[in-house]
Each structure stands twice: as structure tokens, then as C-alpha cells.
Amino acid sequence: MPELPEVETVRRGLTELVAGSRIKTVEVLYPKMVNLPAVDFEKALQNKEIVKIDRRGKYLFIRINGGLTIVSHLRMEGKYDVEPEGTPFNKHTHIVFHLTDGRQLRYNDTRKFGRMNLVQTGQEMMVAGLKTIGPEPTEKDLTLAYMTKVFGKSRKIIKPFLLDQSKIAGLGNIYADEVLWLSKINPKQPVNTLSLQELKRLRKNIIDEIQRAIAGHGTTVHSYSTAYGEAGNFQNHLNVYGHQGEPCPRCGTPIEKIKLAQRGTHFCPTCQVLHGDHHE
DNA sequence: GTAACGGCCTGTACGC
DNA sequence: TGCGTACAGGCCGTTA
């Protein structure tokens, strides 16, 4: 499931592969995937150039000359592939960009959860989800001042809070579990009971873990792969996600898996102990 | 304003 | 073997 590091890896891959390429025609095979009538989407992009690819949180902004932007969200299993014209479509190919150089940029998505919104450049932040998106998990944007303010006033528990893109952009189910384990925070801990020390630790671990995962080209689980068709390798660095029943790398206690807010949640019951309110 | 939940999808794992 | 069912999960829209 692509989270920020995987989406960033895709962004870099697409930049290398198709930035500067010209679109001859577009085929929308699954109309529900786009925000416009399929014909309008196809016509608007005909004979346009892919200028560059930006990213915000888990959203890709594919910049098209003439003032257009495709806002692309991969959701669970979306991925881009570049293939020579004539190669048979994958069973889950839903959108095809025929390029003038004889290649095709294809969007494949097993579960059809992904979406593409074609908007005027400058209007991309009006797309649902981007209107309320939180800060990027970086040293510069995710300040401690922001965290103490926003975390201090929520009574939600921390795990689903971290998945809320309006609080922090880019974390998904895998990295949420990983950063809580790294920070020794119980996934059920109410957000407004986190101590200043815990917030500092959590902030540092979020920023560092995302950077490490980007450096490792993302995590490969299920069908995710980069635009190069290569697998990321960060899954080898996961400590708790998917490791239920295995010993905690820190203390040896078996990792538990529970369900919180409909999401599978992995944690160490010894290292990540629920505690009371600190009242700082 | 915030929080909770159903729905969107299909492949995989499991029980009988 | 084959069938049915539960489950995986990011995000939106709706409801409380």
C-alpha cells in the first residue's frame, strides 16, 4: 500500500521516465477513476506534454503544459508502468497514456481504488483530501510547536490519529505502526495524554523513518513496485508490521496484532505500555 | 467543529 | 476440488 515514501519513489521514477514526454492520446478504460467524463479527460490531455511531477502527501501532481495538473492518488494498489506500444494490457490496466515516442504510460490498479482528478494548475488544493491536508513529515514542516498544539487538543487514540491525513500528511498503516514502536508509544494511548518527551520522540521518529524509507525506495508489500518495475527494499527494515507472533527486536516479547478503528495494528505489549495522563 | 462508520474493489486465505 | 465467506485497507461521503 503506497504511503509517502512509495509515492515519492514513484514520483522520482516517473520524472526520470516520462517528464518531457508528449502525450499523443489517452484511453480511459474505467471511467469511474477520473473526475471528468472520460471523453473530456481524454481530449483535454491530447497532444500535451508532461512537464514535471510534484507530490504532496500521498498525492502526485502530474504537471501538463497549458496549465493543467493531474492529481493522482494510488490509494491501495495503484501503480504506473511504462511499456512499449503493442505490449498486451495487464488485466488491471485502467488508464493508458499513449506517448509520441512509441511508449505507453499505464495506470494499473487491482482494486480500482485509485483516482485521477484533472484540474487547472493552481486549483489542485481544491481536490477533496487536499483541502484539509496536514504538514509534510519533515523537519521544516512538522514543527514541535504544531505537534504540541494539535496533539494537545485531541482525545482520539494515537494510531488512528496518525492515519488522519489532515493531522500529518503521508503516514499509512505500516509506518504508523513502525513509528509508534520506535517511539515506545502504545497505539491506544490518547493523543492528549502524550508527554512532551513522547511528542519529541514521535516527531523525530516520524521524520527519520520516512527519510530512511525514501532512501530505501519504499516498502514492498503485496503488489507494490516502483515505476521502474523494481521492488523497494524497506520491508526488510520493518520491526512490527506483519511480524505478529515474532519476537520484538528490542525485548523479545511476541509482537501482538489487534484491530483499532478497523485497521490491523501491530505493537509490542512490553515496550509500548499504555500510561496515564501526564498533565504537563 | 470532530468523530465514527459504510462503501468502494478484488485477490487471497481459510473453513467446510 | 470447489464453493462461500472473511479479510486486507485509504479515503470520501454521510450521519451523529
Side-chain angles (χ1 to χ4, degrees), chain A residues 1-11 28-36 55-61 70-80 89-95 107-117 119 124-134 136-137 149-180 187-193 210 213 218-225 235 238 240-245 255-267:
Chain A
M1 51 225 70
E3 302 182 29
L4 192 154
E6 293 74 43
V7 177
E8 176 60 19
T9 302
V10 171
R11 188 194 71 77
V28 175
L29 305 171
Y30 183 68
K32 283 182 73 175
M33 199 152 268
V34 298
N35 64 324
L36 302 176
R55 179 192 58 74
R56 177 75 167 86
K58 302 179 201 172
Y59 295 82
L60 290 168
F61 297 156
I70 302 170
V71 178
S72 171
H73 197 301
L74 308 174
R75 295 283 183 97
M76 299 298 296
E77 310 218 10
K79 53 179 189 168
Y80 285 96
F89 288 166
N90 166 314
K91 170 179 177 186
H92 301 293
T93 299
H94 305 304
I95 298 176
Y107 180 70
N108 299 313
D109 191 338
T110 311
R111 292 190 196 168
K112 300 182 174 171
F113 275 13
R115 291 292 177 264
M116 281 189 210
N117 286 68
V119 300
E124 55 274 350
M125 298 313 282
M126 298 308 290
V127 170
L130 283 163
K131 287 181 190 168
T132 56
I133 196 157
E136 292 284 307
K149 179 177 155 217
V150 173
F151 283 56
K153 64 183 184 192
S154 175
R155 291 154 71 174
K156 277 174 88 167
I157 59 176
I158 185 68
K159 171 64 190 286
F161 188 88
L162 289 180
L163 297 177
D164 183 345
Q165 303 296 299
S166 74
K167 304 300 190 293
I168 301 174
L171 295 178
N173 206 39
I174 297 173
Y175 296 117
D177 284 0
E178 293 298 318
V179 298
L180 287 176
K188 285 186 187 170
Q189 191 69 42
V191 173
N192 60 358
T193 65
I210 292 290
T219 296
T220 301
V221 291
H222 304 303
S223 60
Y224 169 76
S225 65
Q235 66 279 7
L238 299 182
V240 286
Y241 185 87
H243 290 226
Q244 59 271 26
I255 297 300
E256 287 185 13
K257 182 178 182 183
I258 60 173
K259 194 162 237 191
L260 290 183
Q262 338 269 45
R263 300 289 184 278
T265 299
H266 311 73
F267 73 108

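Quantities reported herein were computed from a predicted structural model and do not represent experimental measurements. First the proteins, then the strands, lettered A, B, ... as listed; each starts at 1.
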A/Ser72 and A/Tyr80 side chains, donor-acceptor separation under 3.5 Å: yes
Spacing of A/Asp109 atom CG relative to C/dC11 atom C1', expressed in whole Å: 13 Å
Side chains of A/Asn108 and A/Lys91, donor plus acceptor under 3.5 Å: no
Find every protein N or O atom lying less than 3.5 Å from an N or O atom of nucleotides 5-8 of chain B, and list the pairs.
none

Whole-Å gap separating C1' (C/dC11) and CG (A/Leu74): 13 Å
Side chain to side chain, A/Phe61 and A/Val127, heavy atoms closer than 4.5 Å: no
Flag side-chain contact, heavy atom, 4.5 Å: A/Ile133 against A/Met125: yes
Expected output: side-chain A/Lys58 to main-chain A/Leu171 donor-acceptor under 3.5 Å: yes
Ring geometry between A/Tyr241 and A/His266 (parallel below 30°, tilted from 30 to 60°, perpendicular above 60°): tilted
Listed partners of A/His94 passing side-chain contact (heavy atoms from CB on, under 4.5 Å), at least two apart: A/Tyr30, A/Met33, A/His92, A/Asp109, A/Lys112
Rounded distance (Å) that lies between atom P of B/dC9 and atom NE2 of A/His73: 16 Å
Considering all heavy atoms, the nearest A/Pro137-A/Ile210 contact: CG-CG1, 4.2 Å
Helical bend (five base pairs per end, nearest 10°) for the helix from B/dT2-C/dA16 to B/dC16-C/dG2: 50°
A/Leu238 side, atom CG; A/Ile174 side, atom CD1 - distance, nearest 0.5 Å: 6.0 Å
Between C/dG10 (P) and A/Leu60 (CG): distance, integer Å: 16 Å
Protein-nucleotide distance (A/His266, atom NE2; C/dG9, atom C1'), rounded to Å: 12 Å
CG-NZ distance between A/Asn90 and A/Lys79, expressed to the nearest 0.5 angstrom: 7.0 Å
Polar atom pairs (N or O), protein with nucleotides 11-15 of chain B, under 3.5 Å:
unit_1, atom_1, unit_2, atom_2, d
B/dG11, OP1, A/Lys91, NZ, 3.3
B/dG11, OP1, A/His92, NE2, 3.1

Below 4.0 Å: OP1/OP2 of C/dC7 and any side-chain N or O of A/Lys259: no
Separation of atom CE in A/Met33 from atom P in B/dT10, rounded to whole Å: 10 Å
Heavy-atom side-chain proximity of A/Lys159 to A/Arg263 below 4.5 angstrom: yes
Pair A/Arg55 + A/Glu136, salt bridge at N-O below 4.0 Å: yes
Close N/O contacts between protein and nucleotides 13-16 of chain C (under 3.5 Å):
none

Phosphate OP1/OP2 of C/dC11 contacted by A/Gln165 side-chain N/O (<4.0 Å): yes
DNA chain B-proximal residues of residues 154-163 of chain A, any heavy atom under 4.0 Å: A/Ser154, A/Lys156
Length of the NZ-C1' vector between A/Lys131 and C/dC12, whole Å: 11 Å
